[in-house]
Amino acid sequence: MGARPRAHPGHQPGAGELLELVRSGRATTRGALQEATGLSRATVGQRLGRLFRAGWVREGAGGPVESPLGGRPAIRLEFDETHAVVLAAALETRHARAALLTLGGGILAERSGPLAVEDGPDAVLDALGAHFGALLRETGRPAATVCGIGLAVPGPVDTGTGRVVQPPIMPGWDGYDIRGRLREAFAVHTDATGTRPAPSTTAPFDAAAPSSLSDPSALPVLVDNDANLMAYGEQHTHYPHCSAFALVKVSTGIGAGVVVGGSVYRGVDGGAGDIGHIRVPEGADALCKCGSYGCLAAVASGRAVARRLTEAGVPAASGSDVRALLEAGHPTALGFARDAGRHVGEVLATVVTLLNPGVLMIAGDLAGTAFLTGVRELLYQRALPRSTAHLDVVTSRLGDRAALIGAGTLVVEHLYAPERAEERLAALGA
């Protein structure tokens, strides 16, 4: 990808825009920044000075000499991924993961274990706060180095407020102040380390807060749907040049995440991708958790396959139980998973025709060979050849960490976007 075109005469790119050029690799020397922005050498130096003072950019090893006349190698500029860390968590119906990540998405420490989302937001978010405190103690990181928290949840989210909206499988969570409670839990469970003051639960969310925080009530907390964040993590990590990317998660429920032009597509209020509640003819008599009959999730989710297995004399209670049976090669489970894949593939034929993605990724508990075979059978049978001519149908590459990495990436991309970076630099006094 080439450098951004020169700015038009009426616009003077700020430090945030120079940071974006450096982070993306489009311009990594002072000369390249001058060329990309049209700014003078002195102005580029002034903008970089702010980024150096904040600790966000550093000078790396000299690059190759571009001039045929030789001379000194250009000093390369690079985003300093060590100046802060990110906390991320991913909730499933009966399990949770939490991790401490670098700004580049590397996992420094991780915890996972049983945690039932039906226990309610207060208990669940307090448990996540305890995980966060343990991760910081384990790595010896002070809480003040945490620049933000990302959280993936198995339900639709209004990202403007961070609240879930009428989630079918999250009883008690509808409209709950997740951001405020998670900040409070974080402060309580990191206060024992002596790195944070007592929490404030009344201060408003400040998305422009500096990365070195003294007030936990200002800590940025971003919440999104798990399928969205899985798609975001997979696309940014392994398919950055795919302009239209779709991921379908099939576990206890079914959901999809779509990344277009490098950004998550959420619809007008966060409801995009909820394909588990599309009606399918085969499910006319099947009751879904949402209260309706005929939803795709009622016939093809991990919960639906578990129910079929139990009725067939093979006890299973959830998508994770089905996953264990599939990994063990249980023939009945394999057959039911292929059937479920066919149902999902029929719906995905419409999705692919509408979105025309370059990559369609299948993830979640059922995302094995049997399920994928069923998806491909119906997808290629029902979709127009034009829609699938350049389509790669693949399985997850990040596996169980996809939502964690997506949540961490969301925080970093939010906090270091040009406009937000400018606000944070001003707050830091840089």
Side-chain angles (χ1 to χ4, degrees), residues 225-265 272-278 280-283 295-297 299-302 304-305 319 322-323 326-327 329 333-403 405-406:
N225 171 262
D226 55 357
N228 284 347
L229 291 180
M230 290 172 71
Y232 197 58
E234 296 275 9
Q235 190 271 337
H236 270 250
T237 304
H238 291 296
Y239 301 92
H241 302 298
C242 180
S243 60
F245 178 97
L247 177 144
V248 178
K249 178 189 178 186
V250 186
S251 291
T252 298
I254 300 176
V258 177
V259 180
V260 177
S263 300
V264 176
Y265 178 74
D274 205 1
I275 67 170
H277 301 286
I278 292 176
V280 292
E282 296 82 356
C295 295
L296 177 64
V299 296
S301 65
V305 173
V322 175
R323 178 178 184 170
L326 293 173
E327 290 174 346
L334 291 170
F336 288 170
R338 183 166 177 169
D339 290 345
R342 289 171 60 85
H343 292 311
V344 173
E346 186 167 12
V347 169
L348 289 180
T350 301
V351 171
V352 165
T353 301
L354 177 65
L355 296 179
N356 188 212
V359 175
L360 172 62
M361 179 173 283
I362 308 299
D365 291 329
L366 269 63
T369 301
F371 185 86
L372 193 63
T373 298
V375 167
R376 284 176 167 151
E377 284 178 10
L378 264 291
L379 173 61
Y380 288 106
Q381 177 183 326
R382 300 294 174 85
L384 292 172
R386 173 68 182 82
S387 300
T388 58
H390 303 287
L391 176 68
D392 289 330
V393 182
V394 301
T395 54
S396 173
R397 296 181 64 176
L398 295 177
D400 292 336
R401 291 176 165 176
I405 292 174

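Reckoned from all heavy atoms, side chains included, excluding hydrogens, waters and symmetry mates. For this chain, numbers begin at 1 and follow the sequence in order.
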Could you walk me through whether Asp392 and Leu360 pass the side chain to side chain contact (heavy atoms under 4.5 Å, CB included) test, one step at a time? CA-CA 6 Å; Asp392 289 330; Leu360 172 62; over 6 Å; no
Would you check if Val305 and Leu366 make a side-chain contact, meaning some heavy-atom pair closer than 4.5 Å? yes
What's the separation between atom [atom1] in [X] and atom [atom2] in [Y], rounded to the nearest 0.5 Å?
{"X": "Leu296", "Y": "Ile254", "atom1": "CG", "atom2": "CD1", "result": "4.0 Å"}
{"X": "Cys295", "Y": "Asp274", "atom1": "SG", "atom2": "CG", "result": "9.0 Å"}
{"X": "Phe245", "Y": "Leu355", "atom1": "CZ", "atom2": "CG", "result": "12.5 Å"}
{"X": "Leu354", "Y": "Leu348", "atom1": "CG", "atom2": "CG", "result": "12.0 Å"}
{"X": "His343", "Y": "Ser301", "atom1": "NE2", "atom2": "OG", "result": "11.0 Å"}
{"X": "Cys242", "Y": "Met361", "atom1": "SG", "atom2": "CE", "result": "9.5 Å"}

Which residues satisfy the ring-ring contact (aromatic ring centres under 6.0 Å, His included) test with [X], sequence neighbours excluded?
{"X": "Phe336", "value": "none"}
{"X": "His236", "value": "Tyr232"}
{"X": "Tyr265", "value": "none"}

Taking all heavy atoms of [X] and all of [Y], pick out the closest pair and write down the distance.
{"X": "Ala304", "Y": "Val299", "result": "CB-C, 3.6 Å"}
{"X": "Met230", "Y": "Ala363", "result": "CE-CB, 3.6 Å"}
{"X": "Ala256", "Y": "Ala227", "result": "C-CB, 3.6 Å"}
{"X": "Ala370", "Y": "Ala337", "result": "CB-CB, 4.2 Å"}
{"X": "Val344", "Y": "Ala300", "result": "CG2-CB, 3.8 Å"}
{"X": "Ala231", "Y": "Val258", "result": "CB-N, 4.4 Å"}

For residues 354-365, which residue pairs pass the side-chain hydrogen bond (donor to acceptor under 3.5 Å, both in side chains) check, not counting sequence neighbours? Arg323-Asp365
Would the distance check show the side chain of [X] and the main-chain N or O of [Y] forming a donor-acceptor pair, the cut-off being under 3.5 Å?
{"X": "Glu234", "Y": "Arg397", "result": "yes"}
{"X": "Thr388", "Y": "Leu391", "result": "no"}
{"X": "Thr373", "Y": "Thr369", "result": "yes"}

Sequence neighbours excluded, the answer for salt bridge (charged side-chain N to carboxylate O under 4.0 Å, His left out) partners of Glu346 is Arg382
Scan residues 370-381 for pairs that pass salt bridge (Lys or Arg N to Asp or Glu O under 4.0 Å), counting only residues two or more places apart or in two chains. Arg338-Glu377, Arg342-Glu377
Side chain to side chain contact (heavy atoms under 4.5 Å, CB included) for Leu398 and Thr237? Distances and angles first, verdict last. CA-CA 9 Å; Leu398 295 177; Thr237 304; 4.0 Å; yes
Can Asp339 and Phe371 be said to form a side chain to side chain contact (heavy atoms under 4.5 Å, CB included), step by step? CA-CA 7 Å; Asp339 290 345; Phe371 185 86; over 6 Å; no
